[in-house]
Amino acid sequence: MIKTHFDYHYTPDRASRRTYTLLDKFLTFLRTFNKKGVIVGKNSIIKRNVNFRLTKGANLSIGENSIIDHDVSFYLTMPNPNLTIGKHVAISKGTLVACKSRMIIGDYTRIATDVVIRDNTHNYEKGKLLINTDAIIKPIEIGKNVWIGDKAIIFPGVKIGDNAIVSAGSIVTSEVKSNTVVAGQPARLIKVIN
């Protein structure tokens, strides 16, 4: 039997990502069984080939009615990773989420395919090998009802406000205000949503 995560203005069919079956729920249970630090909310679905690389003490919380599509990767590595994904969030295939500190993805947010969200990067220093440099780590906060387009990259320290849109292919290096559309490399304001 097909169920939906909440009522829609149309009737979704089996191909819709907004539906799930009892088999989907069972497979989600198997995919997260014995994954220490992973909490999955009611009716959330995790598709095949989702990669969980979790350091000791990592916390990954997925709210109810969320969908993690196939081939998504979560890298929660030292020193203190804590990733909170809200309810009714959809993360599409091929997305990479790399968290070393605190990261929040708000309710009803949609993240398209092949997006990269990382709260860390290298601290390049002249005369040092890259592997001998320390990471720059800054928390990321993505608000509620945000749309992040295909192949966007979200850099450390970014805050994206509620109801914002990050256009496909954008590189986000600074704050995105609520109710705005940004695009470009680096991303800049394109439009204010009324």
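We count residues from 1, following the sequence as given.
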Minimum heavy-atom distance between Pro186 and Thr173, given as atom pair plus value | CB-OG1, 3.9 Å
In this structure, CD1 of Ile154 is separated from OG of Ser170 (nearest 0.5 Å) by 8.0 Å
Is there any salt bridge (charged side-chain N to carboxylate O under 4.0 Å, His left out) pair reaching into residues 51-60, and which pairs are they, with sequence neighbours excluded?
-> none
Results of side chain to side chain contact (heavy atoms under 4.5 Å, CB included) for Asn49 - residues two or more places apart only | Asp71
Establish whether Val176 and Trp147 are linked, either directly or via other cluster members, by ILVMFWY side-chain heavy-atom contacts under 4.5 Å.
-> no
Counting N and O atoms only, with roles assigned by atom type, does the side chain of Ser167 sit under 3.5 Å from a partner on the main chain of Val182, one being a donor and the other an acceptor?
-> yes
Non-hydrogen atoms of His122 and Ile136 that approach each other most closely = O-CD1, 4.0 Å
Positive for side chain to side chain contact (heavy atoms under 4.5 Å, CB included) with Ile111, one of Val97, Ile148, Ile68 = Ile148
Going from CG on Asp162 to OG on Ser178, what distance comes out if it is rounded to the nearest 0.5 angstrom?
-> 5.0 Å
Transitive ILVMFWY side-chain link Tyr75 to Val116, under 4.5 Å | yes
Check whether Ile117 and Val158 end up in the same hydrophobic cluster, where Ile, Leu, Val, Met, Phe, Trp and Tyr are linked by side-chain heavy atoms less than 4.5 Å apart.
-> yes
Any pair with a residue in residues 37-65 that passes ring-ring contact (aromatic ring centres under 6.0 Å, His included), sequence neighbours left out, goes on the list, sorted by first then second residue, please.
-> Phe52-Phe74
Can you see which heavy atom on Lys36 is nearest to which on Leu54, and at what distance?
-> O-CD1, 3.7 Å
Is there a chain of hydrophobic side chains (I, L, V, M, F, W, Y, each step under 4.5 Å between heavy atoms) that links Leu96 to Ile153?
-> yes
Rounded distance [0.5 Å steps], OG1 in Thr77 versus NZ in Lys100 | 3.0 Å
Kindly compute the distance separating CD (Glu64) from CG (Asn43), expressed to the nearest 0.5 Å.
-> 7.5 Å
Atom pair OG1/CG of Thr84 and Asn59 - distance to nearest 0.5 Å = 8.0 Å
Minimum heavy-atom separation for Asn82 to Cys99, with atom names?
-> N-SG, 3.8 Å
Taking ILVMFWY side chains as joined if any heavy atoms are under 4.5 angstrom apart, and letting links pass through other members, which residues group with Phe26?
-> Leu23, Leu27, Phe29, Leu30, Phe33
Is Leu60 reachable from Val115 through a run of I, L, V, M, F, W or Y residues, each pair having side-chain heavy atoms under 4.5 Å apart?
-> yes
Using a 4.5 Å cut-off on heavy atoms from C-beta on, say whether the side chain of Tyr108 contacts that of Lys144.
-> no
What closest approach, in Å, do Val172 and Ala187 show between heavy atoms, and which atom pair accounts for it?
-> CG2-CB, 4.0 Å
Side chains of Thr133 and Tyr124 in contact at under 4.5 Å (non-hydrogen atoms) = no
Can you find a heavy atom in the side chain of Ile85 that is under 4.5 Å from one in the side chain of Ile91?
-> yes
For the pair Thr109 (side chain) and Val146 (backbone), establish whether a donor and an acceptor sit closer than 3.5 Å, ignoring hydrogens and angles.
-> yes
Give the minimum heavy-atom separation between Gly106 and Val89, together with the two atoms involved.
-> O-CG2, 3.2 Å
Rounded distance [0.5 Å steps], CZ in Arg110 versus OG in Ser92 | 8.5 Å
Looking only at atom types and distance, does a side-chain atom of Arg31 sit under 3.5 Å from a main-chain N or O of Val50, one as donor and one as acceptor?
-> no
Got more than 12 heavy atoms from elsewhere within 6.0 Å of CG, Asn51?
-> yes
Any pair with a residue in residues 116-128 that passes salt bridge (charged side-chain N to carboxylate O under 4.0 Å, His left out), sequence neighbours left out, goes on the list, sorted by first then second residue, please.
-> Glu125-Lys128
Taking salt bridge (charged side-chain N to carboxylate O under 4.0 Å, His left out) as the test, write out the residues that go with Lys151, two or more places apart.
-> Asp114
Between Ser44 and Gly63, is there a donor-acceptor pair closer than 3.5 Å when you use the side chain of the first and the backbone of the second?
-> yes
Does any N or O in the side chain of Asp107 come within less than 3.5 Å of the main-chain N or O of Lys87, such that one atom is a donor and the other an acceptor?
-> yes
Minimum side-chain heavy-atom gap Ile45-Lys25 below 4.5 Å | yes
With no hydrogens and no angle check, do the side chains of Asn163 and Asn145 hold a donor and an acceptor under 3.5 Å apart?
-> yes
Distance only, no hydrogens: is a donor on one side chain within 3.5 Å (strictly under) of an acceptor on the other, for Asp150 and Thr113?
-> yes
